[in-house]
Every structure is written in structure tokens, then in C-alpha cells.
Amino acid sequence: MERTLSIIKPDGVSRGLIGDVIKRFEKNDIKIIAMKMVHLTQEDAEKFYAVHKERPFFASLTEFMTSGPIIPMILEGENVIEKNRSLMGATNYKEAAEGTIRRDFATDIEKNVVHGSDSPETAAVEIAFFFNQFEMNER
Ligand code: UDP
Ligand code: MG
């Protein structure tokens with residue numbers, strides 16, 4: 001059993017897509033074992049996306065991620081890191097496969113509704129960024 005971090009980004013929350021995103025996970029045998037709503041500070045967002053700090057989109061991305069509340073969740077399931085990435089679709093929604101969250105809901109390469117960890121190592125770091133052990137639920 002594997003765990004990953006998912007985030008419904010500020011655009012997903014403000015556009016009323018929380019239920020649509022969660023439905024995709026529940027329909028695909030993925031368990032949500034932790035969930036909350038938080039509003040990141042600029043410092044938090046820069047820390048979370050530190051891996052991208054040299055990229056041209058870093059300032060805009062961190063500003064976007066602090067523009068409103070987000071919903072971080074821990075997802076659990078078999079092969080869930082890859083499974084979540086394939087439910088999300090490509091970073092650029094124009095290149096995302098049909099039926100993926102980003103293809104169906106994203107409006108912009110930046111405002112692409114969801115985040116998902118990309119490896120076991122980043123999943124562990126990203127889960128610990130948002131949650132402590134008392135917030136993780138056996139189901
Ligand atoms: N992003 C962007 N422009 C780009 C690439 C990425 O604005 O050219 C944003 C987008 O919101 C993306 C996030 O930065 O989800 C993190 O980029 P990454 O390459 O890690 O994509 P992801 O893992 O989210 O698919
Ligand atoms: Mg990424």
C-alpha cells in the first residue's frame with residue numbers, strides 16, 4: 001500500500017471543483033486518509049515548491065498557490081502515486097489525456113486544479129509538510 005499527497009489548488013477550490021476531484025479518487029478505489037483546508041503564506045509556498053525555485057514560473061506559481069485556500073489530502077492505495085498522476089493528466093491541460101482531471105477542468109498551464117507527488121521520496125516529504133501522524137486515519 002502506497003501514499004501520496006494530493007492538493008486541490010486555489011482555482012479548484014474557488015471554482016467549486018472540490019467534489020468533482022474527490023469523486024474521481026473515490027470512484028477509482030483511492031482512499032482519502034487525511035484532508036484539510038489551509039491558506040499558505042508566501043514563505044510556505046516557496047518552501048513547498050523549492051525544487052522549482054530556479055524556474056521562470058516560480059514567482060507566479062507561488063503567488064497563485066497563496067491566492068486562496070487549498071485542500072491537501074493524503075491518498076492511499078496500490079500504486080497510488082502513479083495512479084493519481086494518471087487521473088490528474090499532464091501538467092499542461094492541453095496535452096492531458098481525455099477524461100483526466102486537468103483535461104476536464106484546468107484553464108491554464110499554471111491553474112491546473114490539482115497537485116500530486118511524483119515519487120515515493122517527494123510523497124514522504126510533501127505529506128510531512130502538511131500532516132502529522134495524528135491526522136492520518138486508518139480506514
Ligand atoms: N507550472 C507552470 N508553468 C510551467 C510548468 C509548471 O505554471 O511551464 C506550474 C503548474 O501549476 C504545475 C506546477 O507549476 O502544476 C509544478 O510544476 P511540475 O512540473 O512539477 O508539474 P506537475 O508535477 O504539477 O504536473
Ligand atoms: Mg510536480
Side-chain angles (χ1 to χ4, degrees):
M1 215 40 92
E2 200 173 64
R3 290 178 178 180
T4 192
L5 184 83
S6 168
I7 303 175
I8 304 177
K9 295 184 177 183
D11 58 329
V13 174
S14 66
R15 292 172 57 216
L17 300 173
I18 298 170
D20 290 288
V21 172
I22 287 176
K23 192 86 209 156
R24 304 271 170 129
F25 299 147
E26 292 186 330
K27 267 198 321 206
N28 285 281
D29 287 326
I30 290 173
K31 276 188 186 154
I32 297 167
I33 65 155
M35 172 162 60
K36 59 175 130 186
M37 183 180 281
V38 297
H39 195 147
L40 295 181
T41 64
Q42 184 64 26
E43 193 184 353
D44 293 331
E46 288 175 10
K47 191 173 162 203
F48 184 76
Y49 278 118
V51 59
H52 292 312
K53 68 172 177 291
E54 305 304 334
R55 309 284 290 277
F57 57 81
F58 182 70
S60 176
L61 172 63
T62 54
E63 189 188 337
F64 162 56
M65 290 299 289
T66 61
S67 66
I70 61 173
I71 315 264
M73 290 172 273
I74 304 175
L75 308 182
E76 188 178 78
E78 231 167 88
N79 204 22
V80 75
I81 296 172
E82 200 183 306
K83 196 168 171 182
N84 178 45
R85 294 288 310 191
S86 79
L87 290 173
M88 288 163 59
T91 308
N92 184 350
Y93 73 104
K94 290 179 181 167
E95 288 161 16
E98 261 179 61
T100 60
I101 294 168
R102 284 167 166 174
R103 174 68 169 261
D104 289 348
F105 301 118
T107 54
D108 186 86
I109 188 165
E110 178 181 84
K111 295 171 183 64
N112 57 5
V113 188
V114 280
H115 168 86
S117 309
D118 61 9
S119 72
E121 294 71 30
T122 54
V125 172
E126 292 179 355
I127 285 170
F129 185 90
F130 285 105
F131 296 99
N132 67 45
Q133 58 175 309
F134 306 109
E135 297 170 310
M136 302 178 195
N137 300 278
E138 301 250 350
R139 292 185 50 193

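Whatever order the structure lists ligands and atoms in, that order sets their numbers, starting from 1. When reading the values below, keep in mind they use all heavy atoms of this one structure, side chains included, and skip hydrogens, waters and symmetry mates.
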Atoms of ligand 1, numbered as shown, that sit under 4.0 Å from any heavy atom of K9 | 10 (C), 11 (O), 12 (C), 15 (O)
Can V38 be reached from V13 by stepping across I, L, V, M, F, W or Y side chains whose heavy atoms are under 4.5 Å apart?
-> no
Looking only at heavy atoms, what is the nearest atom pair of D11 and V113, with distance?
-> OD2-N, 3.1 Å
Honestly, for T91 the part within reach of ligand 1 (heavy atoms, under 4.0 Å) is both
Pairwise salt bridge (Lys or Arg N to Asp or Glu O under 4.0 Å) hits with a residue in residues 80-109, at least two apart | R24-D104, E98-R103
N112, portion touching ligand 1 at heavy-atom distance under 4.0 Å | side chain
Over 12 foreign heavy atoms within 6.0 Å of NZ, K31 = no
Heavy-atom nearest neighbour in the protein, as seen from atom 16 (C) of ligand 1, with distance rounded to 0.1 Å = H52 NE2, 3.6 Å
Considering only protein heavy atoms, which is closest to atom 10 (C) of ligand 1, and at what distance to one decimal place?
-> I109 O, 3.4 Å
Touching ligand 1 at all, K111? Heavy atoms, strictly under 4.0 Å?
-> no
Keeping to residues at least two apart or across chains, list the ring-ring contact (aromatic ring centres under 6.0 Å, His included) pairs with something in residues 56-84.
-> H52-F57
Nearest heavy atom to atom 24 (O) of ligand 1 wins, so pick from M88, R55, R102, H115.
-> R102
Applying side-chain contact (heavy atoms from CB on, under 4.5 Å), run through I70 and F130 and close with a yes or a no.
-> CA-CA 11 Å; I70 61 173; F130 285 105; 4.1 Å; yes
In ligand 1, the atoms that come under 4.0 Å of a heavy atom of E110 are 7 (O), 10 (C), 11 (O)
When you measure from atom 9 (C) of ligand 1 to every protein heavy atom, which one gives the shortest distance, and what is it?
-> L61 CD1, 3.9 Å
Contact check, D118 vs ligand 1, heavy-atom distance below 4.0 Å | no
Have a look at ligand 1 and work out which part of R85, if any, has a heavy atom under 4.0 Å from it: side chain, backbone, both or neither.
-> side chain
G68 versus P10, closest heavy-atom pair with distance | O-CG, 3.8 Å
Protein heavy atom at shortest distance from atom 4 (C) of ligand 1 | F57 CD2, 3.4 Å
In this structure, are over 12 heavy atoms from other groups packed under 6.0 Å from K36 atom NZ?
-> yes
